[in-house]
Amino acid sequence: MDEITVHSPATVANVVCGFDCLGFALSEPFDVMTLRKIEQKTIRIKHHDDFGLPTHPGKNVAGAVLGSILDNIDADFGFDIEITKRIKPGSGIGSSAASAAGAAVAANILLGDRFSKSALVEFARNGEAVACGSRIADNVSACIFGGFTLVRATEPVADVISLDHPTLFAAVIHPQIEIKTADARAVMPREFPLTTAVRQWGNVGALVAGLAKGDYDLIARSLEDFVAEPYRKNLIPHYDELKTAGLQAGALGGGISGSGPSVFMLARTREIAGNVVNAMNRVYDKTEIAVNCYVSDVEKNGVRIARDVIHGQ
Ligand code: HSE
């Protein structure tokens, strides 16, 4: 096989309490990427979208990932990649991760499945480094594995764990403002008091247990963040109102998606998630801020082979 088209899903990193460890994949939106093996030892990148992303292989997220894979296998060939981004860059729902993970998975398929999923996470992190300067693993792990994932250790990545979970739907609102991941990381303290750490890891453990047991009440109680939200929420207009509106509409809980500006809430049914997104949308109705909204289930498989999507549509 010399050509493959994949769908690469959006992801929610952190899942409120699991900063840089937890994530899950969304069914909507997703990017479309077609990768071809070419004889020339080069990487050619074409974008079918209006985001003006760089196409130099060293500066493009997918290009950096493909370059690291070609270097790793000392390849005597190259890749041509066409990308239609449907996940807006800077949205906080894993746009760069989708490019990075999609490129890694597509390349692995063309290379005869020679790498493990954990190895693909390591390659994909090279793309995250291009996007934001940090080799963040949570979005790319959820994007490659699908479902809910926990990354136990990050240097190097060890134990990307797929988490059992009950039926859950996500309501996501993306206010059209820009927050750079590097800036959202810069506002966070480097060190935390032990009491804060204890509260945080109590919630992480309880969230994982709540997901495994299908205990929605425990999930709801565990969606609490003392590490990122207090410092980042000021970057998102009307953040507290959004959360209140979502909770009143029946959400289990939620918070900032990744580094923002998207805000997500989890709900037990698609109907409740629809009510939640409408309630959050009404918060921005009285402002000048435009939004994109998504209601999605949890995408189970991660990056997958596409059969029916044409670039640019
Ligand atoms: N865990 C990362 C952060 C995700 O919150 O900075 C970035 O999308």
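Throughout, numbering of the chain's residues begins at 1 and tracks the sequence. Whatever order the structure lists them in is the order used to number ligands and atoms, beginning at 1. Quick caveat, the model's predicted, so the values are computed rather than measured. Keep in mind that the numbers below use all heavy atoms, side chains included, and drop hydrogens, waters and symmetry copies.
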Looking at [X], which atoms of ligand 1 are within less than 4.0 Å of one of its heavy atoms?
X: F19; result: 3 (C), 5 (O), 6 (O)
X: A13; result: 4 (C)
X: R232; result: 3 (C), 5 (O), 6 (O)
X: G258; result: 5 (O), 8 (O)

>> Considering N139, I179, V140 one by one, which has a heavy atom nearer to atom 8 (O) of ligand 1 than any of the others?
In response: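 When every heavy atom of N139, I179, V140 is considered, N139 comes closest to atom 8 (O) of ligand 1.
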
>> Nearest non-hydrogen contact with atom 3 (C) of ligand 1 belongs to which option: E128, M188, R185?
In response: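 Shortest heavy-atom distance from atom 3 (C) of ligand 1: R185.
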
>> Quick one: does any side-chain atom of E122 pair with a main-chain N or O of V157 as donor and acceptor, under 3.5 Å?
In response: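 Here the side-chain-to-backbone pair exists.
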
> Does the E224 side chain pair with the main chain of C17, one donor and one acceptor, at a distance under 3.5 Å?
Replying inline: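 No; judged by distance alone, with no hydrogens or angles, the pair does not exist.
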
> Considering distance alone, does some N or O of T181 sit under 3.5 Å from an N or O of ligand 1?
Replying inline: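 N/O-N/O distance under 3.5 Å: no.
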
> How does D20 reach ligand 1, by side chain, by backbone, by both or by neither, if only non-hydrogen atoms under 4.0 Å count?
Replying inline: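 It is both parts that get close, each with some atom under 4.0 Å.
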
Is there a side-chain contact between [X] and [Y] in this structure, where contact means two heavy atoms from C-beta onward sitting under 4.5 Å apart?
X: L26; Y: F264; answer: no
X: T181; Y: S134; answer: no
X: I289; Y: P237; answer: yes

>> Under 4.0 Å between a side-chain nitrogen and a carboxylate oxygen: does that hold for D20 and R185?
In response: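 Yes.
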
